[in-house]
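Notes to accompany the following structure.
If you're wondering where the values come from, they're calculated on a predicted model, not measured in any experiment.
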Amino acid sequence: MITNLLRSTAAFCLAPTPLALPSPTAMATTTTAIATVVPVPAVLPLEDAVGKLPVAEEDRTGYTRDSFKHWNTGLDPADGCNTRNEVLLAEAVQEPAVAAGCKLTGGNWLSYYDGVEVIEAGKLDIDHMVPLAEAWDSGANTWDAKRREAYANDQGAAASLIAVTARTNRSKADQDPATWMLPLPDAHCRYIGEWTATKLRWSLAVDPAESEALKVYAEACETTVVHYSPAP
């Protein structure tokens, strides 16, 4: 559904013209520019990843859900599907049929929060791994509207937006792991790893109670590894 990136091919020159190589200075400048622009993926044990999170008190002053524009036209504006439906298509165990206007019928999903199989797209919510209000409290209140929209529609990391049962999403609401944990025990370590990855990806802080809860979970999740790339 999303167009693959095209790879350019080098053209061959029939005449034996000399090849102009960039100077060492130009090459260094180019290398530096690329290193600056391209996010470097990180892979850390959960305990180390939690240790990288800055700790700060939260502030919800001025928050409204409308501060985060969603759902937008998604990764491919030409496909007629908004972010919500693109996530549903990406996470389907069995893909639904897609009709005009990106209307989804059929399909099959597994809500990893509670292990429930869902066969109707309308019974799923798309959960922001770190809820919008929590993101606001943790640093997004300093962002401009464009960056908040990018956060609310982030499909650049698989953990950012998750299709789950409406029941579990609404039970979670805007809570962090200090006050809420998903009901399926076998998924706790995955959830904590993805929560931590999302906070690191977006350079969001944790409050003291949240930090302590994450440390406790990290001790119990010794084999969990966190993968994240800084958001562009």
**Prompt:** Closest heavy-atom contact between Pro230 and Val40?
**Reply:** CD-O, 3.4 Å
**Fill in**
One should read off an interatomic distance between Leu200 CG and His227 NE2, to the nearest 0.5 angstrom, of 13.0 Å
**Asked** Do side-chain atoms of Thr179 reach the backbone of Gln175 as a donor and acceptor pair under 3.5 angstrom?
**Response** no
**Message:** Within the structure provided, determine whether Leu89 and Cys81 are in side-chain contact (heavy-atom separation under 4.5 Å).
**Reply:** yes
**pair Pro131-Lys172: side-chain heavy atoms closer than 4.5 Å** = yes
**Request:** Evaluate the criterion side chain to side chain contact (heavy atoms under 4.5 Å, CB included) for residue pair Val206 and Glu58; output intermediate values, then yes/no.
**Result:** CA-CA 8 Å; Val206 292; Glu58 295 183 348; over 6 Å; no
**Item:** Same apolar cluster: Val55 and Leu204, side chain cutoff 4.5 Å
**Value:** yes
**Asked** Do Ser171 and Thr168 have side-chain N/O donor and acceptor atoms under 3.5 Å apart?
**Response** no
**Request:** Output every pair passing ring-ring contact (aromatic ring centres under 6.0 Å, His included) with a member in residues 140-172, not counting sequence neighbours, ordered by first then second residue.
**Result:** Trp143-Tyr151, Trp143-Trp202, Tyr151-Trp202
**Prompt:** Does the distance from a Lys or Arg side-chain N to an Asp or Glu carboxylate O, for Lys199 and Glu210, drop under 4.0 Å?
**Reply:** yes
**Asked** His70 versus His128: any side-chain heavy-atom pair under 4.5 Å?
**Response** yes
**Request:** Mind listing the closest non-hydrogen atom pair of Gly115 and Leu184 along with its distance?
**Result:** N-CD2, 3.8 Å
**Message:** Could you work out, with side-chain hydrogen bond (donor to acceptor under 3.5 Å, both in side chains) as the rule, every residue matching Asp125, not counting sequence neighbours?
**Reply:** Asn169, Arg170
**Message:** Restricting to non-hydrogen atoms, name the atom on Leu110 and the atom on Glu117 that form the minimum distance, rounded to 0.1 Å.
**Reply:** CD1-N, 4.1 Å
**Message:** Before you tell me yes or no, could you show the steps for His188 and Cys221 under side chain to side chain contact (heavy atoms under 4.5 Å, CB included), namely the whole-Å CA-CA distance, both residues' side-chain angles and the distance that decides it to 0.1 Å?
**Reply:** CA-CA 9 Å; His188 287 183; Cys221 301; 5.6 Å; no
**Prompt:** Under the 3.5 angstrom rule, does the side chain of Glu86 hit a backbone N or O of Leu75 as a donor-acceptor pair?
**Reply:** yes
**In one Ile/Leu/Val/Met/Phe/Trp/Tyr side-chain cluster, 4.5 Å: Tyr191, Leu161** = no
**Asked** So, Arg148 side chain and Ser67 main chain: donor-acceptor pair closer than 3.5 Å or not?
**Response** yes
**Request:** Report yes or no: do Ile126 and Leu182 belong to one cluster of Ile/Leu/Val/Met/Phe/Trp/Tyr joined by side chain heavy-atom distances under 4.5 Å?
**Result:** no
**Prompt:** So do Val118 and Asn108 actually touch side chain to side chain, heavy atoms under 4.5 Å?
**Reply:** no
**Asked** So, do Leu214 and Glu47 sit near enough that their side-chain heavy atoms are less than 4.5 Å apart?
**Response** no
**Asked** Should the pair Trp180 and Tyr113 be assigned to parallel (<30°), tilted (30 to 60°) or perpendicular (>60°) ring geometry?
**Response** tilted
**Request:** Spell out, as yes or no, whether a donor-acceptor pair under 3.5 Å connects the side chain of Asp154 to the backbone of Ser160.
**Result:** no
**Asked** Should the heavy atoms of other residues, nucleotides or ligands under 6.0 Å from CD of Glu149 be counted, would the total exceed 12?
**Response** yes
**Any side-chain donor near an acceptor of the partner, Glu194 and Thr198, under 3.5 Å** = no
**Asked** Is there side-chain contact between Leu46 and Thr196, with heavy atoms separated by less than 4.5 Å?
**Response** yes
**Prompt:** Charged N to carboxylate O below 4.0 Å: is that the case for Lys215 and Glu219?
**Reply:** no
**Message:** Is there a side-chain contact between Tyr217 and Cys189 in this structure, where contact means two heavy atoms from C-beta onward sitting under 4.5 Å apart?
**Reply:** no
**Asked** Roughly how far, to the nearest 0.5 Å, is CG of Leu104 from CG of Asn85?
**Response** 4.0 Å
**Message:** Quick check: do Val87 and Trp71 have side-chain heavy atoms less than 4.5 Å from each other?
**Reply:** no
**Item:** Minimum-distance pair of heavy atoms, taken over all atoms of Arg65 and Leu132
**Value:** NH1-CD1, 3.7 Å
**Message:** Using modelled atom types and a 3.5 Å cut-off, is there a donor and acceptor pairing between side-chain atoms of Ser138 and backbone atoms of Glu134?
**Reply:** yes
**Message:** Pairing donors with acceptors under 3.5 angstrom, does anything connect the side chains of Asp59 and Thr61?
**Reply:** yes
**Asked** Are Ile162 and Phe68 linked, directly or through other ILVMFWY residues, by side chains that come within less than 4.5 angstrom of each other?
**Response** yes
**Request:** Would you kindly confirm whether Val164 and Met181 end up in one hydrophobic cluster when ILVMFWY residues are joined by side chain heavy atoms under 4.5 Å apart?
**Result:** yes
**Residues Asp174, Arg60: salt bridge by 4.0 Å N-O rule** = yes
**Message:** Under the ring-ring contact (aromatic ring centres under 6.0 Å, His included) definition, can you give me all pairs with a residue in residues 73-112, not counting sequence neighbours?
**Reply:** none
**Request:** Report yes or no: does Asn153 contribute a side-chain atom to a donor-acceptor pair with the main-chain N or O of Thr83 at less than 3.5 Å?
**Result:** no
**Asked** Which atoms form the tightest heavy-atom contact between Ala209 and Ala178, and what is the distance?
**Response** O-CB, 3.7 Å
**Fill in**
Minimal heavy-atom distance between Gly193 and Thr224, with the atoms involved, is CA-CG2, 4.3 Å
